Amino acid sequence: MHYLDHNATSPLRPESLASLSHTLSLGGNASSIHARGRAARAVIEDAKEKVALLAGAAAYDVIFTSGATEAANLALAGAVEGALDQHGADSKVARITRMFVSSIEHSAVLAPARRLAERVPGVRLETLPVTVDGVLDTEALRVALREGKGRALVAVMAANNETGVIQPVEEISRLCREAGALLLVDAVAAAGKIPLDASLCDYMLLSAHKIGGPQGVGALFVAKGAPLAAQLVGGGQQGGLRAGTENLSGIAGFAAAAHAARDGAGERDRIAHLRDRFETQLLQAIPEAVIFGADAPRLIGTSNFALPGTASAIALIALDLDGVWVNAGASCSSGKVAASHVLAAMGVELALASCALRASFGWNSEMADVEAAITALTKLRQRKTTLEAA
Ligand code: PLP
C-alpha cells in the first residue's frame, strides 16, 4: 500500500508511539501534588518546551487542546470575548469589531469566524482574496485594515493544506502590527516543513496528527498580553484557560513527534526530492496534467494536481484499487468530495477543480510510493483514452 495522504493525517511516528504508550502506562493526573502527579506535570512541561521549539515560540503561553479545530475556536471566540472583557475593565482598550480571514483558510478557522460574526453584535467578517497562485493579496489586507473603527483580528494560515502554498506571514505580521490588529496563524500544514516564528503573531495553531503525532491533540500559542477568554470552563487546568484534565499521553506523543519533525533536516530533503520527482514524472507521463500553485513557494511534501476530464471521485477509487492512497484536492471531511473553496478562490474553473487530487508525502514516504502513484495515474489516463477512442 502507498500512503500519500500525510496532509490529512500523518502515520504515527515510532518515537511518538513509544512516548505515548510509556506515558499511558505511567498514568497520573498533572494536577495531583504527589510524586505521580508531579511526574505527569513534568511530562506536560517538557512537552510545552518541545512543541514551543517547533513553533519558534519563546514568550508564549501554550494551551493544549483536543486538536487545531478546538484551538481555532478557542483563539477566535476567546480573542473577541477577551477583548470585550479588557474593554469593560478599561475603556481605552479597543473591542474587536472586524475579522479578516483569508479565503483559503481551513474550515476549522472559517466556520468559527462565521459563527462569531453571526452571533456577536458589532463584529463584522470579511474574507480576503488570494492571487491565482494562491498567495494572500497583501494589498487587499493593507486596504482592509485602514478602514473601520475598533480593533481588527486577522487569520491567515502559514501554508495551505490543499495546495501547500506558503503565505507571506512576515509581511502580513508587519501590516497587522502597524494597524494594531491581532494576528492568528494556522501553522498546522506548515509545521515541521518550514521554520515557524510564533513571535510574528498573537495566536498560533498546531495539530499533532499532521506531524506524525496522535490524533485528537493540538496546541494554541498565545502571546503574552493577547486577549483570551476561556471557552471550556470547569476546573482550573491550564491556568483556567482550558478546563479539563490534560490528555497526558496524547501530549507526550505530540511532543515526541514535534521533536522528531523539528530535527528532521534529512527527512525534509528526502520529502522535497520525492515530491519533485513525482511532479516531474507526472508531467512526463501526462503532459496535460495541471499542478496548482506551482509558481508560488510551496511546502515540500504537497502536490495538488488535476488530470483534466477525470473527476476526483473516479480517480480516487481507481487509485485506491491500485493500492495508492491520495486525497481529493478538495476537503472531504464528511467523506464526500466537495468543490474546493481554495481552488475556487484561486480562480480555478469548477470543471477543472472537480478533477483535483492531492498527493502529500511525509516522514515515511519512499520512492516506491512515487513510482506506484505514477504507474496508477498513467493506467488511469490510458483507460480514459481507450474509452474515448471506443
Ligand atoms: N487547519 C488545517 C490547515 C488543517 O489541515 C486541519 C486539519 O485538516 C485543521 C486546521 C484542523 O486540525 P484538527 O484535525 O487537529 O482539528
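All ligand and atom numbering here is 1-based and tracks the order in the structure. The structure displayed is predicted, hence computed values, not measured ones.
- Atom numbering of ligand 1 starts at 1 in the shown order; those under 4.0 Å from a heavy atom of M157 are 3 (C).
- Here S360 contributes atom OG and E162 contributes atom CD; the two are 11.0 Å apart, rounded to the nearest 0.5 Å.
- Contact annotation for E70 and ligand 1: no heavy atom of the residue comes within less than 4.0 Å of the ligand.
- For atom 8 (O) of ligand 1, the closest non-hydrogen atom on the protein side is K210 NZ, 2.6 Å.
- Near G67, the atoms of ligand 1 lying under 4.0 angstrom from a non-hydrogen atom of the residue are 15 (O).
- Annotation: I33, atom CD1; neighbour count of heavy atoms from other residues, nucleotides and ligands within 6.0 Å does not exceed 12.
- The closest protein non-hydrogen atom to atom 3 (C) of ligand 1 is D186 OD2, 3.3 Å.
- Put simply, no part of E105 is less than 4.0 Å from ligand 1, judged by heavy atoms.
- The pair E171-R142 does not meet the salt-bridge criterion, since no charged nitrogen lies less than 4.0 angstrom from a carboxylate oxygen.
- Contacts of T69 with ligand 1, taken as heavy-atom pairs under 4.0 Å, involve both backbone and side chain.
- Looking from atom 6 (C) of ligand 1 to the surrounding protein, the closest heavy atom is H106 NE2, 3.4 Å.
- Distance from atom 15 (O) of ligand 1 to its nearest protein heavy atom, with residue and atom name: S207 OG, 2.7 Å.
- The local environment of CD in E349 is sparse, with at most 12 non-hydrogen atoms from other residues, nucleotides or ligands closer than 6.0 Å.
- Of all atoms in ligand 1, listed by their number and element, those nearer than 4.0 Å to a heavy atom of H209 are 13 (P), 14 (O), 15 (O).
- For the salt bridge (charged side-chain N to carboxylate O under 4.0 Å, His left out) with E267, the lone residue among K193, R13, R262 that qualifies is R13.
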Side chain to side chain contact (heavy atoms under 4.5 Å, CB included) between S102 and Q167, intermediate numbers included: CA-CA 10 Å; S102 88; Q167 302 302 313; over 6 Å; no

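- Interatomic distance, I291 CD1 to T163 OG1, rounded to the nearest 0.5 Å: 12.5 Å.
- Residue-level proximity to ligand 1 for Q215 is absent, since no heavy atom of it falls below 4.0 angstrom.
- Atom 12 (O) of ligand 1 has A68 CB, 3.3 Å as its closest protein atom, hydrogens excluded (heavy atom only).
- To the nearest 0.5 Å, the span separating OH on Y60 from CE on M204 amounts to 7.5 Å.
- Test N161, T302, N327, N304 against N7 for side chain to side chain donor-acceptor pair (under 3.5 Å) and you get one pass: T302.
- Atom numbering of ligand 1 starts at 1 in the shown order; those under 4.0 Å from a heavy atom of N161 are 3 (C), 5 (O).
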